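Heads up, the thing below is written out as structure tokens.
Just follow the structure's listing: the first ligand is 1, and inside any ligand the first atom is 1. Being a predicted model, the structure only gives us computed values, none of them experimental.
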Amino acid sequence: MPLVALVRCESYDPSEVRKTLEKAFALLGGPERFVKKGEKILLKPNLLAAAPPEKCVTTHPAVFRAAAEILADVGARLAYGDSPAVGSAARCAEKAGIAEEARKLGLAAADFARGETVSFEQARQNRRFVLARGVLHAEGIVSLPKFKTHGLEKVTGALKNQFGCVPGMRKAEFHMKLPDAFDFARMLVDLTRFVRPRLYVLDAVWAMEGNGPRNGKPRKLNVLALSDDCVALDATACRLIGLDPRSVPTIRLGEECGAGTFREHEILVVGEDLVSLRVPDFDVDRGPVRPFRRMGLSRFVTNRLVARPCIVEERCVKCGVCVETCPARPKALAWPGRDRSAPPVYDYSRCIRCYCCQEVCPEGAIRLEEPLARKALNLFARGRI
Ligand code: SF4
Ligand code: SF4
């Protein structure tokens, strides 16, 4: 039966985080269960974008440090790395406070700039990946995700954290190729099954709610959670915020593809009582995710049922990051004139609803708006119509 260690951690005070993580490791049988002396282990935090720790965009440096210290005490040889959605990895690590902790501990940054092509025969959605050399040249991976809301997949945690193993702009290609949330989730599960992190350390001391994964609000959950079952871990985190794990595509597909279990009676939660940590009013999309494409609906109909990105003009600084990032061809987001005097405008007929623009906007100027038809559908699904 998969174990999830759930421990209360009320601040990022380094000694509290270290003590709490030690307790969590002990609940799972000790760090020696996951790494051996002399092994080359990659720590994979979430470094989505260049943001300071208090914004909750990235894994907190105190969690990174405590995990690194505990694994180094076993004798593992550690490196760290991630490929952000936007900007350079070095700048993101610096801003997140991770690079400084790594320097203090003598950890090298792994090679996430260059990639190698790999093939995964057991894949259900995507067989060929280009992965960072830093991932492929490690003997094992310990994944350090941050718990946040996510436009396409509702939440990002253990299962989604491996997407950063794909270097640079290659990530955007997947959005174009797999616009359906379930297909995209299945690809993420393939990736996780291939990379097979040995352990996941979920940072949910402060999580992100609302307009995540980059521009939501920090929300305190007081939790660090560890498991070697990414599906069980994400499902447990969802139960903390009162979100049905079956409504999260990565979790549903994770179980379907054999990456773990989301079923409560099949998961042994050890440590803190889950009920005592619940935050049921966490701001997250609680509506059903519908596999519209598989229902055979056209883009025209689908686009009237799924949330669309909108720019809040007053917040837009006209930096153009959203335009550069949009993977649609031709782009679904463009400047209205030759200069940049007005915010970019959407052509929704081209938009594949990947929400990359919302994810990368540095000002939180892009919000997801549900069309009326979708709102009505959600009310119907909740039995209120
Ligand atoms: S919406 Fe955001 S990313 Fe796009 S131009 Fe405005 S501030 Fe930049
Ligand atoms: S406009 Fe935004 S949501 Fe639409 S395809 Fe481009 S990046 Fe994706």
What I want to find out is whether Asp228 reaches Arg33 closely enough, with some N-O distance under 4.0 Å, to be called a salt bridge. yes

Is there side-chain contact between Leu240 and Leu274, with heavy atoms separated by less than 4.5 Å? yes

Between Pro362 and ligand 1, which residue portion shows a heavy-atom distance shorter than 4.0 Å: side chain, backbone, both, or neither? side chain

Compute the minimum heavy-atom distance from Pro179 to ligand 2 and say whether it is under 4.0 Å. no

Report yes or no: does Cys356 have an N/O/S atom closer than 2.8 Å to atom 8 (Fe) of ligand 2? no

Among protein heavy atoms, which sits nearest to atom 7 (S) of ligand 2, and what does the distance come to when rounded to 0.1 Å? Cys357 N, 3.4 Å

So do Lys171 and Phe163 actually touch side chain to side chain, heavy atoms under 4.5 Å? yes

Protein contact to atom 3 (S) of ligand 2 [nearest heavy atom, distance to 0.1 Å]: Tyr355 N, 3.2 Å

Just wondering, do Val4 and Leu268 contact through their side chains at under 4.5 Å, heavy atoms? no

Donor-acceptor pair, distance only, cut-off 3.5 Å: does the side chain of Asn215 make one with the backbone of Gly364? yes

In terms of atom number and element, which parts of ligand 2 are under 4.0 angstrom from non-hydrogen atoms of Pro327? 7 (S)

Ranked by distance from atom 4 (Fe) of ligand 2, the top protein heavy atom is Cys351 SG, 2.3 Å

Can you check whether Tyr12 reaches Asp203 side chain to side chain, under 4.5 Å on heavy atoms? yes

Distance from atom 2 (Fe) of ligand 1 to nearest protein heavy atom, with residue and atom: Cys361 SG, 2.4 Å

Can Arg198 be said to sit on top of Phe34's aromatic six-ring, NZ or CZ under 6.0 Å from centre and within 45° of the ring axis? no

Counting the benzene-type ring for Trp, do Phe120 and Phe129 have ring centres under 6.0 Å apart? no

What is the distance from atom CZ of Arg186 to atom CD of Glu256, rounded to the nearest 0.5 Å? 6.5 Å

Go through the steps for Glu313 and Arg315 under the test side chain to side chain contact (heavy atoms under 4.5 Å, CB included), then give the verdict. CA-CA 5 Å; Glu313 284 200 36; Arg315 298 190 76 160; over 6 Å; no

Atoms in ligand 2 with a heavy atom of Ala332 nearer than 4.0 Å: 1 (S)

For Cys316, the atoms of ligand 1 under 4.0 Å from one of its heavy atoms are 1 (S), 5 (S), 6 (Fe), 7 (S)

Which bit of Ile366 is near ligand 1, meaning a heavy atom under 4.0 Å away: side chain, backbone, both or neither? side chain

Is it the side chain (CB and beyond), the backbone, both or neither of Lys318 that lies under 4.0 Å from ligand 1, heavy atoms counted? backbone

If you scan protein heavy atoms around atom 1 (S) of ligand 2, the nearest is Tyr346 CE2, 3.4 Å

When you measure from atom 8 (Fe) of ligand 1 to each heavy atom in Pro343, Cys310, Cys322, Cys319, which option holds the nearest one? Cys319

Looking only at protein heavy atoms, which one is nearest to atom 6 (Fe) of ligand 2, and how far off is it? Cys326 SG, 2.4 Å

